[in-house]
Amino acid sequence: MYTSFMSIKLLDLFKRGLVQIVPENVLHSLLNSNEPLLIKFGADPSAPDLHFGHCVVLKKLRMLQDMGHRVQFVIGDFTARIGDPTGKSETRKALTEEDVRANAASYQEQVFKILDPGKTDLVYNSSWLGVLTASEMIGLSARYTVARMLERDDFSKRFKSNQSISVHEFLYPLLQGYDSVVLKSDIEMGGTDQTFNLLMGRHLQREYGCDKEQAIITVPILEGLDGVQKMSKSLNNHIGIMDSPKEMFGKTMSLPDDKIIRYFSLLTDMSDFELEDMRTKMSSTGVNPRDFKIELAKCLICMFYETSDAEEAEEEFKRVFAKGLVPEDIPEVVVTEESVFLLGLLIEQKLVVSKKEGQRLMQAGAVSVDGEKQLNFRYMLAVEGEQVVKVGKRKFLKVVKAI
RNA sequence: GGAGGGAUGGCGGAGUGGUCAAUCGCAACAGACUGUAACUCUGUCCGGGUUUCCCGUACGUAGGUUCGAAUCCUACUCCCUCCA
């Protein structure tokens, strides 16, 4: 493989933000390997919606592909039956084969928005783990000790705090590591929460006498929109990659200011120089961080949509929130009656969950018709022409009188 | 195998016979402010209703005692600790 100026630049970008590289010199071989390296990346098909938190590592993988390497994308359909105990104390519910297949299909669709399909080998770990015999499994478990297993951060925490750890949970890292033995991976990438599992792959490759041990590269875990906890769907602080441009824009705008640079740094190709410039401007001069956030929002949208979509989202955002106008396309309901019980309509149209909730919102002044707050929850709406009902900050409904 | 402790609303965690739809903190939602930010302040945070009040359901599950149970009893399920 030849080394060009471009690929050196790419390598610089790739290195940005990486947390740990074992061994250090693997970066050198990325540019100087004679044949493509095999980069393993595993995904648990239990949560089929990818978000920008996943993009951090996916972007890095894409860069490696652009340098000429291959990605082994492992769908952990077998290991999903155990559920990675990482950071969790509850057992996950078992997935049916059907779930796994459906999730995996949707995974592929999403993942290939970033990865190059031509340089990706998609594999299912059930194809080799599913046929392991009991004695092979015992052989595998004999390669590691309980004491060392308990070194794993979350195991040790749970152990110390008297939370239960099932024996089968020990199998998760072992099996994930065994994947690397089967796949003969050169490098495995993952978030920092995967460090233990990644090192396990390295350890097992040595144990099984492979002629090489995989390098491991970890990327940071991206904080979610609250700016503190990791981005995750269950914490509802995520921006999904399947979200519409408008949603992406709005969600990005709610990001705390001090995470702007971090997002740029981990999710975009903006140069270090530009990042530094931005940092300076935000801290010293009177540049409003909001403007950088707008730019960030557009960058993120452009990863998955056209520039024009990003611009539209910006327009819409300014329209609705900066100027307090009504969004362009909002749900519409046609009413034939002269007057209608507003709260009932809101429930029917699913803008509120229950009457109680609706009452509370109305009493709190969160519901307005054509800009006029309606505090009485028994309010009967006199239907005429087109009226816009607003619930909270972002729920709208257009009520249209049938002619 | 033996002994003991525990299970409460999205989470943490009070409450140990009536005044408990259940203190408080976090999260969430709404209002004011604003840059849909942060901070701050205020309010809300099971459902239904004839809505300053009434009703239903809810404190692991199923029964029981009682005028009355989250609180007492029995069985069951799950979790934890100690001993072996």
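Each chain gets a letter, A, B and so on, in the order the sequences are listed, and its residues count up from 1.
In this entry the distance linking CD1 of A/Ile294 with P of B/rG35 reads 12 Å, nearest Å. If you measure from atom CD of A/Gln363 to atom P of B/rU44, you get 10 Å, rounded to the nearest angstrom. Distance CZ (A/Phe341) to C1' (B/rG48): 12 Å, rounded to an integer number of Å. Between the CG atom of A/Leu375 and the P atom of B/rA30 there is a distance of 16 Å, given to the nearest Å. A straight line from CD of A/Glu357 to P of B/rG47 spans 7 Å, rounded to a whole angstrom. Between the CG atom of A/Leu343 and the C1' atom of B/rG49 there is a distance of 12 Å, rounded to whole Å. In this structure, A/Arg394 places its CZ atom 17 Å from P of B/rG35, rounding to the nearest Å. Straight-line distance from the NZ atom of A/Lys259 to the P atom of B/rG35: 23 Å, rounded to whole Å.
Considering only the side chain of A/Arg290, B/rG35 comes nearest among B/rG35, B/rC29, B/rG48. The side chain of A/Lys393 has B/rG31 as its nearest neighbour among B/rG31, B/rU51, B/rG35. With distances taken from any side-chain atom of A/Lys356 to the nucleotides B/rG49, B/rG31, B/rG35, the minimum falls on B/rG49. Among the nucleotides B/rU50, B/rG35, B/rA30, the one closest to the side chain of A/Arg378 is B/rU50.
The side chain of A/Arg360 contributes no N or O atom lying less than 4.0 Å from OP1 or OP2 of B/rC29. Remark: A/Lys293 is not in phosphate contact with B/rA37, judged by side-chain N or O atoms under 4.0 Å from OP1 or OP2. Between A/Ser354 and B/rG47, a side-chain N or O to OP1/OP2 separation shorter than 4.0 Å is present. One finds a side-chain N or O of A/Lys373 lying less than 4.0 angstrom from the OP1 or OP2 phosphate oxygen of B/rA32.
Looking at RNA chain B, the stems built from 3 or more consecutive Watson-Crick or G-U wobble pairs, each pair with its key distances under 3.5 Å, are B:1-7 with B:77-83, B:10-12 with B:24-26, B:28-32 with B:40-44, B:46-49 with B:53-56, B:60-64 with B:72-76.
To the nearest whole angstrom, the two P atoms, one in B/rC78 and one in B/rU23, are 32 Å apart. Rounded to a whole angstrom, the distance from the C1' atom of B/rC26 to that of B/rU74 is 38 Å. Nucleotides B/rU50 and B/rU40 place their P atoms 40 Å apart, quoted to the nearest Å. With P as the reference atom, B/rU51 and B/rC41 are 35 Å apart, rounded to whole Å. For the P atoms, the distance linking B/rU52 with B/rA14 amounts to 36 Å, nearest Å. Only the P atoms considered, B/rU57 is 39 Å distant from B/rA3, to the nearest whole Å. Across the C1' atoms, B/rA70 and B/rU61 are found 15 Å apart, a figure rounded to whole Å. B/rG13 and B/rU77 are spaced 23 Å apart, taking the C1' atom of each and rounding to whole Å.
At a threshold of 4.0 Å, the pair A/Asp211-A/Lys184 does not count as salt-bridged, since none of the basic side-chain nitrogens sits closer than that to a carboxylate oxygen. Remark: A/Lys318 engages A/Glu314 in a salt bridge, criterion side-chain N to carboxylate O under 4.0 Å. A salt bridge links A/Arg279 and A/Glu276; the closest N-O separation between the charged side-chain nitrogens and carboxylate oxygens is under 4.0 Å. Under 4.0 Å is where a charged nitrogen must lie from a carboxylate oxygen, and between A/Lys230 and A/Glu223 no such pair does. A salt bridge links A/Glu338 with A/Lys401: at least one charged nitrogen is closer than 4.0 Å to a carboxylate oxygen. By the 4.0 Å N-to-carboxylate-O rule, A/Lys15 lies close enough to A/Asp12 to be salt-bridged with it.
Using a 4.0 Å heavy-atom distance criterion, A/Gln359 is classed as a base contact.
Mapping A/Lys355 and A/Val367 onto RNA chain B by nearest heavy atom places A/Val367 closer to the 5' end of the strand. If A/Leu361 and A/Met253 are placed on RNA chain B by their nearest nucleotide, the residue sitting closer to the 5' end is A/Leu361.
Checked against the 6.0 Å centroid threshold, A/Phe52 and A/His238 do not count as a close aromatic pair.
Between A/Gln176 and A/Gln194, the side chains place a donor N or O and an acceptor N or O closer than 3.5 Å (distance only, hydrogens not considered).
Interface remark: the A/Asp291 side chain does not form any donor-acceptor pair with the B/rG35 base, using a distance-only criterion of under 3.5 Å.
With A/Phe341 as the aromatic partner, A/Arg378 does not meet the cation-pi criteria of under 6.0 angstrom to the ring centre and within 45 degrees of the ring axis.
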